[in-house]
Amino acid sequence: MDYAKEFLEKIHEDLLKTRMLEEKLVETYAEGKVPGHIHSGVGQEASYVGVLATRKPGDYFKIGHRVIAATCILGNPLDSFFGECLAKKTGNAGGRGGVNHTGRLQDGVLGMSGTLGCDAGISVGAALTIEANGTDNVSYFFVGDGAANRGPVSEAMTLAADWKLPVVFVCINNGYGISTPTTFSSPVPNVLADRAVGYGMPSVVVDGTDVLAAYEAAKKMVEYTRAGNGPSVIECKCYRWRGHFEGDQCPYRDGTVTEQEIAERDCLKNFEQVLADSGVMTAEQFAKMRADFDQEMNESIERTLVAPEMTADEIYDYLYV
Amino acid sequence: MKVTYAKAIGDALKEEMRRDSKILLFGEDVAEFGNIFGITRGMLEEFGPKRIRNTPITETAIIGSAIGAAETGLRPVAELMYTDFTTVCFAEIFHCVAKWRYMHGPEYKLPLVIRAASGSSNGAGSEHSNCVESLFMHAPGLTIITPSCAYDAKGLLKSAIRSDNPVLFCEPKLLYQSKQEVDEAEYESDYTIPIGLADVKREGTDVTLVAVGLMVPRALEAAEKLAAEGISVEVIDPRTIAPLDKDTIFASIRKTHRAAIVEESNKTSGIGAEFAAMFQEELYDELDGPVARIAALDVPMPYNIPMEHYSIPDVERICATIRGMF
């Protein structure tokens with residue numbers, strides 16, 4: 001492989017941590033410790049990690065509701081992440097926002113609208129700042145195949161194209177919007193990439209469960225956008241392993257397909273196989289990293305469980321500056 | 001000197017943009033065309049295409065990009081042309097603008113202003129004549145300002161632009177060409193008017209009339225007429241609908257013991273509905289009679305101009321309502 005060892009190790013670390021965080025959220029939710037609902041991104045991590053491997057300091061990120069653990073690889077400390085998910089004062093919004101609103105502005109995380117797609121223009125606005133500062137940074141907008149159909153996404157793409165701003169529109173196409181398959185919801189197989197031409201944007205479609213393929217595809221678009229050519233589109237094809245939310249038994253889809261997807265397109269397992277086969281890392285290293293990070297997460301959750309919650313006298317805090 | 005409301009808005013924008021290079025203005029037809037009411041004419045030439053930016057008809061993205069620009073260090077002024085168009089980007093304002101900092105934490109400040117022309121304008125019809133303040137009073141976190149004269153418009157718009165909170169700034173379009181005599185030295189000075197401060201536009205002793213936007217000059221005219229009949233009306237312009245200067249309004253009601261509200265929007269669930277509820281909850285013992293709501297009829301604004309005028313409170317309707325309180 002023509003990659004530096006450090007680069008591959010970093011991708012692996014991001015992929016492993018994102019997977020383990022998403023799994024830990026499922027576990028924590030099952031234990032009744034998450035007050036709201038989670039939308040597990042288990043199985044979709046490589047789409048985020050591959051695309052985000054193109055990032056550099058000063059970039060901005062609008063993360064989607066699935067694979068919220070992506071904010072952690074961007075710098076969000078575990079105590080802040082779990083704090084917000086578990087509605088504690090240690091969360092970035094002190095438990096006012098919740099699972100869809102984790103992350104820190106200082107890491108470039110712009111925030112997310114729970115009304116999916118309403119935040120599309122926000123990525124365009126961050127790109128205005130990038131342009132004003134004259135850097136070659138980009139603003140990443142992650143959206144699922146469901147919200148990609150929404151008007152605000154179309155309007156944001158139109159505006160970003162008209163203003164020729166550095167926005168990279170990333171569609172994580174996992175095949176389903178709650179119970180609705182993209183074969184029904186989208187007139188074209190590639191929900192956002194096939195429409196990119198209508199906005200004058202180049203696009204790539206890639207297997208979002210292959211982290212290096214996602215990186216390579218994203219790199220083409222991100223380089224194009226960093227060079228000042230305007231916005232671009234990346235569509236990562238993956239599969240939603242779990243239900244829309246925990247408890248969704250997915251009666252609307254063929255379970256054997258899900259089993260096959262999990263068996264054959266496990267982005268972490270497949271990447272670790274590649275790393276082991278090429279002698280970059282060993283199974284022992286993977287195991288040690290797992291054990292270490294699991295302990296790190298458990299310690300953070302222990303702290304979070306005993307952390308204070310906001311009180312009635314703080315309920316108006318953050319409403320006005 | 002005499003200055004129009006429209007010029008005051010334009011002057012505030014220009015003065016602020018000269019002061020702070022982080023401020024930019026964008027919206028539909030604001031650049032070469034200078035906005036459909038001429039408010040931003042000449043600004044493209046002065047500030048250039050990076051700071052005065054046309055947009056396509058993409059209201060959700062106009063609001064969204066204002067949020068993204070504001071939280072990352074710019075101070076955007078987003079123009080929506082008509083306040084009616086807030087309804088096509090309602091979620092972006094109601095959910096995102098108003099709640100962003102609350103949902104994401106104190107780092108996420110939104111120093112942005114949403115400007116739009118508000119209210120009736122002689123035949124603009126049902127979808128270009130609305131006042132939307134009451135829709136957004138239901139969104140905690142949003143500052144809502146509706147100035148009623150040129151002097152206030154300039155001072156309040158400057159404060160709105162300098163505020164680190166998001167502001168919805170409504171400009172009653174029938175006021176755009178209204179002229180006001182102002183002290184030239186003061187007008188040219190860098191004065192501002194604080195957000196959240198009401199103004200007693202006329203002192204009186206018998207009844208407190210809270211008037212908003214276009215209704216302020218009508219309330220003052222009504223007060224003049226009623227004075228001749230022996231009814232002394234105190235006219236208060238809240239200027240900032242949210243947060244509301246309850247101190248000034250309540251002090252007036254404690255003095256007059258009667259209260260009325262006049263607004264240009266529909267009566268049901270309007271500004272007056274909220275204010276009247278607040279007055280009876282908090283000042284019940286001070287009131288000598290029911291709080292009166294003077295508002296537009298509960299119909300979509302008719303295109304027919306005589307019926308448009310009929311549906312909106314005029315001086316006669318204000319006078320008749322106030323007389324009925326005694």
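Chain identifiers are assigned alphabetically (A, B, ...) following the order of the sequence lines, protein sequences preceding nucleic acid strands; residue numbering begins at 1 within each chain. Since the model is a prediction, treat every value here as computed from it, not as a measurement.
Sparse packing is recorded around CZ of B:Phe33, with 12 or fewer heavy atoms of other residues, nucleotides or ligands lying under 6.0 Å away. A 6.0 Å sphere centred on NZ of B:Lys109 holds no more than 12 heavy atoms belonging to other residues, nucleotides or ligands. For B:Glu45, the CD atom counts as densely surrounded, since its 6.0 Å shell holds more than 12 non-hydrogen atoms of other residues, nucleotides or ligands. Atom CD1 of A:Ile315 has 12 or fewer heavy atoms from other residues, nucleotides or ligands within 6.0 Å.
A donor-acceptor distance shorter than 3.5 angstrom exists from the side chain of B:Arg101 to the backbone of A:Tyr318, with no hydrogens or angles considered.
The shortest side-chain heavy-atom distance between B:Lys50 and A:Leu128 does not fall under the 4.5 Å cut-off. Using a 4.5 Å heavy-atom threshold, the side chains of A:Gln106 and B:Glu107 count as touching.
With a threshold of 4.5 angstrom between heavy atoms, B:Leu110 does not approach chain A through any atom at all. The contact between A:Ala132 and chain B is made entirely by side chain atoms (from C-beta outward), counting heavy-atom distances below 4.5 Å. For A:Ser113, the parts lying near chain B are the backbone and the side chain together; criterion is any non-hydrogen pair under 4.5 Å.
Put simply, NE2 on B:His95 and CG on A:Asp119 are 12.0 Å apart, with the number rounded to the nearest 0.5 Å. Atom OH of B:Tyr108 sits about 9.0 Å away from atom CZ of A:Arg104, to the nearest 0.5 Å. Put simply, OG1 on B:Thr143 and OH on A:Tyr320 are 4.5 Å apart, with the number rounded to the nearest 0.5 Å. Here B:His104 contributes atom NE2 and A:His101 contributes atom NE2; the two are 5.0 Å apart, rounded to the nearest 0.5 Å. A distance of 10.5 Å separates CG in A:Asp162 from CZ in B:Arg53, rounded to the nearest 0.5 Å. Between the CG atom of B:Asn165 and the CG atom of A:Leu319 there is a distance of 8.5 Å, given to the nearest 0.5 Å.
Chain B forms the most heavy-atom pairs under 4.5 Å with one residue out of A:Leu165, A:Asn133, A:Val109, and that residue is A:Val109. Per-residue heavy-atom pair counts under 4.5 Å with chain B were compared for A:Gly111, A:Ala156, A:Gly103, and the maximum is reached by A:Gly111. Ranked by heavy-atom pairs under 4.5 Å with chain B, the first of A:Asn92, A:Ile130, A:Val124, A:Leu110 is A:Leu110. Listed options B:Arg51, B:Glu59, B:Glu92, B:Lys22 were ranked by heavy-atom pairs under 4.5 angstrom with chain A; first place goes to B:Glu92. Per-residue counts of heavy-atom pairs under 4.5 Å with chain B were compared for A:Leu159, A:Thr102, A:Thr158, A:Asp317; the largest is that of A:Leu159.
Minimum interatomic distance between B:Thr58 and A:Glu155 (heavy atoms only, all atoms of both residues): C-OE1, 3.0 Å. Between B:Phe26 and A:Trp163, the shortest heavy-atom contact is CG-CH2, 3.7 Å. Minimum interatomic distance between A:Ala93 and B:Gly105 (heavy atoms only, all atoms of both residues): CB-N, 3.5 Å.
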